[in-house]
Amino acid sequence: MVVPVHSDAFAEKLLSWFGANRRAMPWRETKDPYMIWLSEVMLQQTQVDTVIPYYQRFIEVFPDPESLSKAPEDDVLKLWEGLGYYRRCHHFIAAVRDVCADYGGRIPDDPHIFRRLPGVGDYTTAAVMSIAYGHVLPVVDGNVIRVITRIYRIADDTTKTKTRMLIRDMMAALIPSDSPGDFNQAVMELGALVCTPKKPLCGECPLNDLCRAFQHRDISLYPFSPKKMKIPQYPVGLALIMKDGRFLIQKRPSKGHLAGLWELPGGKAEGDESAETAMLRKCREELGLTVEVCGMAAQASHVYSHFKIHVSVFSCTVGAQREKDLKHQPFMWITPSDIPSYAFPAVNLKLFQTIFPSVM
DNA sequence: AAGTCGTGGGA
DNA sequence: TTCCCAAGACT
């Protein structure tokens, strides 16, 4: 068992530093649990500077649970366009609808109830419950893992559940019952501004006198995690099917990758398939449409979390009428000026910029 | 438990 | 270029 550092000294120094160094963030101007909850969802795996404009636009349109619960899913998704991890958006909508249906639109002031909502895990529960309602629950995120493993010189694999539970327990021993929300935010702020992944500013750290890794001069060993595998790359073929000044887009399935977003038809190549063959196959399978290729409209590369793609967009014309009785996702014929009305993946927007430079 | 799920920024 | 990483949740 790791011997705890003196917890009172830890919290005192950290909160003092936080009081003088906390960054201004829109969600720090309120104690509305809905707004704090939204910020925590958007901040999942996403940096503060990226979230701020998305948060402000979202709150402007949907300032409370009621307005969001009544909104069409596509309108909400459009506000999330470009932020990534779109399942967060679908879950947040579903969860807020549950809150309106079951709790009169008031965010539950009970960790066990809040934790059951869709998209709400241990981190979000601790963050929202501590910041909005003062529950004494420690957060464990990437910042906390980095700060705690360095302070205590924990060399265990931080991808393991057991290690994260140890870190949670260390946090639980340190968190003060009179300001749990500020403490949680302070540890994360320290991780973001001082105790950074590379080149941490240990000279400016308010905790350097009790940091074991700093004392042993081996900060770079923490946190430890095994090397990640290289991710595969696939060719992707998409179709720009023009007809009477319009082109065809289709809606992705409601689950899985880029759920619910609109895109040009086509998809990943399988086996030895070329991008063009994959595009033709997908148009046939998903739209019942036979197309003829006229030329190449655009190309782009893009990296996702666990694979990367090289996209080729083929200019096409309709070669045959749509076959009947094929199940397919919803599709639309739109003009380039309609693009802002639909939520697209980032790579599609990048391609549109090349294909329709005048309207983008 | 390990894989899925986006995008942008920094070194 | 390439890699890592960011206020994680779900299966």
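In what follows, every chain begins at residue 1, and chains take the letters A, B, ... in the order their sequences are listed. This is a predicted model, so every value here is computed, not measured.
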When rounded to the nearest Å, what value does the distance between [atom1] atoms of [N] and [M] take?
N: B/dG3; M: C/dC4; atom1: P; value: 15 Å
N: B/dT4; M: C/dA7; atom1: P; value: 24 Å
N: C/dA9; M: B/dA1; atom1: C1'; value: 15 Å

Residues [X], [Y]: salt bridge by 4.0 Å N-O rule:
X: A/K78; Y: A/E81; result: yes
X: A/K13; Y: A/D209; result: yes
X: A/D218; Y: A/R153; result: yes
X: A/D122; Y: A/R164; result: no

Is the distance from OP1 or OP2 of [N] to the nearest side-chain N or O of [X] less than 4.0 Å?
X: A/K255; N: B/dC5; result: no
X: A/H302; N: B/dT7; result: yes
X: A/H306; N: B/dC5; result: yes

According to the ring pair (Phe, Tyr, Trp, His ring centres under 6.0 Å) rule, which pairs have a member within [range], sequence neighbours left out?
range: residues 236-262 of chain A; result: A/F247-A/F352, A/F247-A/F356, A/H257-A/Y304, A/H257-A/F307, A/W262-A/Y342
range: residues 201-229 of chain A; result: none
range: residues 103-135 of chain A; result: A/W37-A/F114

What one should report as the nearest heavy-atom pair of A/T196 and A/R146 is C-NE, 3.6 Å
All heavy atoms of A/R88 vs all of A/L83, minimum pair found to be NH2-O, 3.2 Å
Atom-pair distance ([atom1] on [X]; [atom2] on [N]), nearest Å:
X: A/L261; N: B/dC5; atom1: CG; atom2: P; value: 13 Å
X: A/D49; N: B/dG8; atom1: CG; atom2: C1'; value: 11 Å
X: A/L258; N: B/dC5; atom1: CG; atom2: P; value: 9 Å
X: A/K308; N: B/dT7; atom1: NZ; atom2: P; value: 16 Å

Residues in residues 82-98 of chain A with a heavy atom under 4.0 Å of DNA chain C, by number, are A/R87, A/H91
Name the nucleic acid region contacted by [X], choosing base, sugar-phosphate or nothing; use a 4.0 angstrom heavy-atom cut-off, strictly under.
X: A/A127; result: nothing
X: A/K162; result: nothing
X: A/N184; result: nothing
X: A/T161; result: sugar-phosphate

Walking DNA chain B from its 5' end, the first of A/T159 and A/A346 to be reached, judged by nearest nucleotide, is A/T159
Just jot down the salt bridge (Lys or Arg N to Asp or Glu O under 4.0 Å) partners of [X], sequence neighbours excluded, or say none.
X: A/E273; result: A/R281
X: A/D157; result: none
X: A/D182; result: none

Residues pairing under side-chain hydrogen bond (donor to acceptor under 3.5 Å, both in side chains) where one sits in residues 229-248 of chain A, two or more places apart or in two chains, turn out to be none
- Start with the C-alpha distance between A/W27 and A/Y55, add both sets of side-chain angles, then the distance that settles ring-ring contact (aromatic ring centres under 6.0 Å, His included), and finish with yes or no. CA-CA 8 Å; A/W27 49 87; A/Y55 171 88; 5.1 Å; yes
List, with names and distances, any nitrogen or oxygen atoms from the protein found under 3.5 Å away from nitrogen or oxygen atoms belonging to nucleotides 9-11 of chain B.
none

Cluster membership besides A/V303, Ile/Leu/Val/Met/Phe/Trp/Tyr side chains within less than 4.5 angstrom, sorted by chain and number, is A/I231
The first and last nucleotides of DNA chain C lying within contact of chain A, meaning any atom under 4.0 Å from one of its heavy atoms, run from C/dC3 to C/dC10
What residues 19-46 of chain A contributes to the DNA chain B interface at heavy-atom separation below 4.0 Å is A/Q45, A/T46
